[in-house]
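A note on names: the letters A, B, ... follow the listed sequences, proteins ahead of strands, and every chain is numbered from 1.
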Protein chains: 2
Amino acid sequence: MRQIAGEVGVQAGALYNYTPDKQSLLFRLMRDHMDGLLAARAERGDGGGALDRLEDFTRFHIRYHIERPNEVFIAYMELRNLEPENFAVIERLRGEYESELEGILRDGVAEGVFHLTDPKIASLAVIAMLTGVNTWYRPQGRLTLDDVETLYWDMVRGAVGAAV
Amino acid sequence: MRQIAGEVGVQAGALYNYTPDKQSLLFRLMRDHMDGLLAARAERGDGGGALDRLEDFTRFHIRYHIERPNEVFIAYMELRNLEPENFAVIERLRGEYESELEGILRDGVAEGVFHLTDPKIASLAVIAMLTGVNTWYRPQGRLTLDDVETLYWDMVRGAVGAAV
DNA sequence: GTCTATATAGGGATAGAC
DNA sequence: GTCTATCCCTATATAGAC
């Protein structure tokens, strides 16, 4: 709290005009992040076949997360510091996001364009793979964000068993 | 330190007969974990074609990490609490592990059994996907560990562009 | 709305007795 | 090798002045 206050330019006590306690502040940060993620995702058109929707999801996920490294870092590293009720809320929001990907995968299987046995596990695997970009990507690196999107899209397409 | 002492059954001060300070204790935990991982990996035979070696790596990684949830949790969540020199050591060990996978992928490309453009990125993507199992797998769940290995091996094989 | 001051708690680490 | 006791620092949160 003192560090936040310092960077904002006030004393620690002054922060309590804006949050009842530290837990509420952390929870709001994480819930806002998840709300923003779901809202941004909802704005993307969900038309087209499963292959196109999966490509859109892949590129969206990488870009949205890379542009918000601090929020993503907190969303993962501070999960353990949420009180049980708050944790449940964040987990539910995360589940919503995962469900959208799972739906795309199920549709793709039904369409015959994806070949996989467990859409639920596949959705978790894909999201873990994509979010992993945040651990190594640097804007000054050898790859542009577009390069990264394309590399990962190739791997995701293969992982779900889409015809080459 | 008080919590560790309590679970061991001694007072906090007594721990300092075994570690000079908390940072050293954390560093030793993490270094031992990485040493154990590399040693266990080195014991697996590295013969055969790239496809077989990749399957072995995939199954090994999932199983080794699932059997050590606490160490893996610490290895990821406490990275930010390592002092710079200690951090560098852990990162070097992690890089060794990643390099082995990268080598398998390069060999597979050379053999013509894998089709991917960036073995380095692919190795990071695969490891992120595999380590993600630790966030959701529960021994009492609907899938056996062998089921999980097979599901992920199918996805890894696809992600690296191995012929179906 | 911010400040200073402070209550309260907890953690890392050390000293010295046994 | 462990204990008790304690030093010192930091942290969250509150109270009351301005």
Side-chain angles (χ1 to χ4, degrees), chain A residues 1-39 65 68-94 131 134-135, chain B residues 1-39 65 68-94 131 134-135:
Chain A
M1 297 301 276
R2 277 172 167 77
Q3 187 179 348
I4 292 172
E7 298 197 15
V8 173
V10 299
Q11 293 293 320
L15 293 180
Y16 289 85
N17 291 311
Y18 302 93
T19 180
D21 51 36
K22 194 172 78 158
Q23 171 72 203
S24 300
L25 179 58
L26 174 62
F27 174 59
R28 207 169 62 199
L29 271 174
M30 295 176 70
R31 198 195 45 201
D32 286 354
H33 171 67
M34 289 308 301
D35 286 346
L37 174 66
L38 287 166
H65 284 73
R68 293 161 181 80
N70 292 336
E71 287 93 326
V72 172
F73 184 82
I74 288 184
Y76 279 80
M77 302 301 263
E78 301 296 330
L79 262 184
R80 58 173 154 167
N81 293 318
L82 285 178
E83 291 168 1
E85 303 121 45
N86 292 338
F87 179 82
V89 172
I90 300 299
E91 279 298 283
R92 186 174 51 74
L93 294 172
R94 193 183 295 259
T131 307
N134 275 52
T135 65
Chain B
M1 297 301 277
R2 280 172 168 78
Q3 187 180 347
I4 291 172
E7 297 196 18
V8 173
V10 298
Q11 293 293 319
L15 293 180
Y16 289 86
N17 291 311
Y18 301 94
T19 181
D21 51 37
K22 195 171 77 156
Q23 171 73 201
S24 301
L25 179 58
L26 174 63
F27 174 59
R28 206 170 60 197
L29 271 174
M30 295 177 69
R31 196 195 48 199
D32 286 354
H33 171 67
M34 290 308 301
D35 285 346
L37 174 66
L38 287 167
H65 284 73
R68 293 162 182 80
N70 291 337
E71 287 93 328
V72 173
F73 183 83
I74 288 184
Y76 279 80
M77 302 301 263
E78 301 296 332
L79 262 184
R80 58 172 154 167
N81 293 317
L82 286 178
E83 291 168 1
E85 302 122 45
N86 292 338
F87 180 83
V89 172
I90 300 299
E91 280 297 284
R92 187 175 51 73
L93 293 173
R94 193 182 295 259
T131 307
N134 275 53
T135 65

Name the closest nucleotide to the [X] side chain, picking from [options].
X	options	result
Tyr18(B)	dT2(C), dA13(D), dG1(D)	dG1(D)
Tyr16(B)	dA13(D), dC3(D), dT14(C)	dT14(C)
Asn17(A)	dC3(C), dG1(D), dG1(C)	dG1(C)
Lys22(B)	dT2(C), dG1(D), dG11(C)	dG11(C)

Nearest 0.5 angstrom please: Glu91(B) CD to Asn86(B) CG, how far? 12.0 Å
Flag the pair Glu78(B) and Lys22(B) as a salt bridge only when some basic side-chain nitrogen lies within less than 4.0 angstrom of an acidic carboxylate oxygen. no
Check: Glu71(A) side chain, Met34(A) main-chain N or O, donor-acceptor pair, under 3.5 Å: no
Distance check needed: [N] [atom2] versus [X] [atom1], whole Å only.
X	N	atom1	atom2	result
Leu15(A)	dT2(C)	CG	P	9 Å
Leu26(B)	dG12(C)	CG	C1'	14 Å
Met1(A)	dT8(C)	CE	P	20 Å
Gln11(A)	dC3(C)	CD	P	5 Å

Nearest heavy atoms of Thr19(B) and Leu25(B), plus distance in Å: OG1-N, 3.5 Å
Can you tell me whether the side chain of Arg2(B) and the base of dG12(C) have a donor-acceptor pair closer than 3.5 Å? yes
